[in-house]
Amino acid sequence: MAQNDDSFFREVNEELRSDQLQYVWKRYSRILIGVAVLVVLGTAGWRGYEYWENHGSSQSGDRFIAALDLASKGKNDEALAALSAIEKDGSGAYPVLAKMRAGSVQAAKGDTGAAISTFTAIGGDTSAPAGIRDLAKLRAAWLLIDAGTYDQVSAQAQAMANQGQTLANSAREALGLAAYKAGNMAEAKTWFQRIAEDASAPRNVANRAQIMLDNIAASGKAP
């Protein structure tokens, strides 16, 4: 992105303040969501790496790396086939990691419905580690901001938004954006306020929350 995050959000803020909320949402929603999803993906990648490292290397690890290489080269269908094979006969942590990566590849190729289904399935798989299940639910929630309803986002993210949860503020941001998109400014304000008041919130997330609170206040559409 040519602009840095601060100048980008200032531009969004100026347009929102000119009472063009709907126009700005249509123009910037994918970028706003994309910036925050990068944070979620970074967390997911690190958690997945830690889980992978704890289970050591194996033949499944070599196959997993090969599948990641295919995905990095844009060979999405080949990557999905390789990941599917690991899901079926891989060992240790690799089947669930392969399924997580498959969901990301599906999203990257534009098959949002399949990606949501994949992440939802992982989120409901009690045999997967709790941290991986939560990450999958959060990925589904972020995809549903554009592809679903507020209630669908809430079904995925609400339980993770409670104080003390590792991914609480990412979940709150997803809920706030989903409410904002739905035109429910009071609900959006509640979620962004919870981020702004949480001293443990990452600085970039807190800054985005404050910008959204300012925009909502300027719109006059929330108490």
Side-chain angles (χ1 to χ4, degrees), residues 1-47 107 119 131 134-223:
M1 195 185 303
Q3 298 171 295
N4 61 34
D5 286 350
D6 288 341
S7 62
F8 167 73
F9 282 112
R10 278 198 300 273
E11 181 183 341
V12 176
N13 192 41
E14 288 170 3
E15 295 216 38
L16 283 166
R17 286 187 182 282
S18 66
D19 276 334
Q20 298 177 7
L21 293 175
Q22 284 299 112
Y23 167 75
V24 173
W25 177 260
K26 289 178 182 177
R27 183 178 174 187
Y28 290 110
S29 63
R30 292 188 182 278
I31 301 175
L32 282 166
I33 291 168
V35 168
V37 165
L38 287 175
V39 177
V40 176
L41 285 174
T43 303
W46 177 247
R47 291 295 180 83
F119 289 126
D134 284 349
L135 287 168
K137 291 175 185 176
L138 195 57
R139 288 287 284 117
W142 279 98
L143 290 170
L144 284 163
I145 293 171
D146 263 349
T149 65
Y150 175 78
D151 287 342
Q152 289 174 310
V153 174
S154 181
Q156 297 286 351
Q158 181 94 38
M160 287 180 283
N162 295 326
Q163 191 68 27
Q165 294 290 320
T166 303
L167 300 172
N169 286 299
S170 291
R172 292 166 185 166
E173 190 171 18
L175 289 159
L177 286 172
Y180 184 91
K181 182 194 169 197
N184 188 343
M185 297 301 168
E187 190 75 10
K189 179 181 177 181
T190 296
W191 289 118
F192 291 126
Q193 191 68 49
R194 288 184 66 180
I195 296 171
E197 293 174 351
D198 186 349
S200 69
R203 187 173 184 179
N204 59 337
V205 178
N207 287 343
R208 289 199 298 271
Q210 189 57 58
I211 288 169
M212 295 305 294
L213 285 169
D214 292 344
N215 295 332
I216 292 167
S219 76
K221 296 183 178 180

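Scope of the values below: all heavy atoms of this structure, side chains included, with no hydrogens, waters or symmetry mates. Note that the numbering runs from 1 along the sequence shown for the chain.
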[X] side chain vs [Y] backbone, donor-acceptor pair below 3.5 Å:
X: Q152; Y: T149; answer: yes
X: R194; Y: A161; answer: yes
X: S219; Y: I216; answer: yes

Heavy-atom side-chain contact between L177 and W142 under 4.5 Å: yes
Quick one: are K189 and L213 in side-chain contact, heavy atoms under 4.5 Å? yes
For [X], side chain to side chain contact (heavy atoms under 4.5 Å, CB included) partners two or more places apart:
X: A201; value: N169, I195, D198, A206
X: A157; value: A141, A171, L175
X: E187; value: Y150, A179, N184, W191
X: A147; value: T112, I116

Output all residues satisfying side chain to side chain donor-acceptor pair (under 3.5 Å) with Q165, sequence neighbours left out; order by chain, then residue number. none
Nearest 0.5 Å, what's the [atom1]-[atom2] distance between [X] and [Y]?
X: S170; Y: L135; atom1: OG; atom2: CG; value: 9.5 Å
X: Q210; Y: D214; atom1: CD; atom2: CG; value: 4.5 Å
X: M212; Y: Q193; atom1: CE; atom2: CD; value: 13.5 Å

I need the minimum non-hydrogen distance between [X] and [Y], along with the two atoms involved.
X: Q163; Y: S200; result: NE2-OG, 4.4 Å
X: E173; Y: F192; result: O-CE2, 4.3 Å
X: A174; Y: V153; result: O-CG1, 4.0 Å

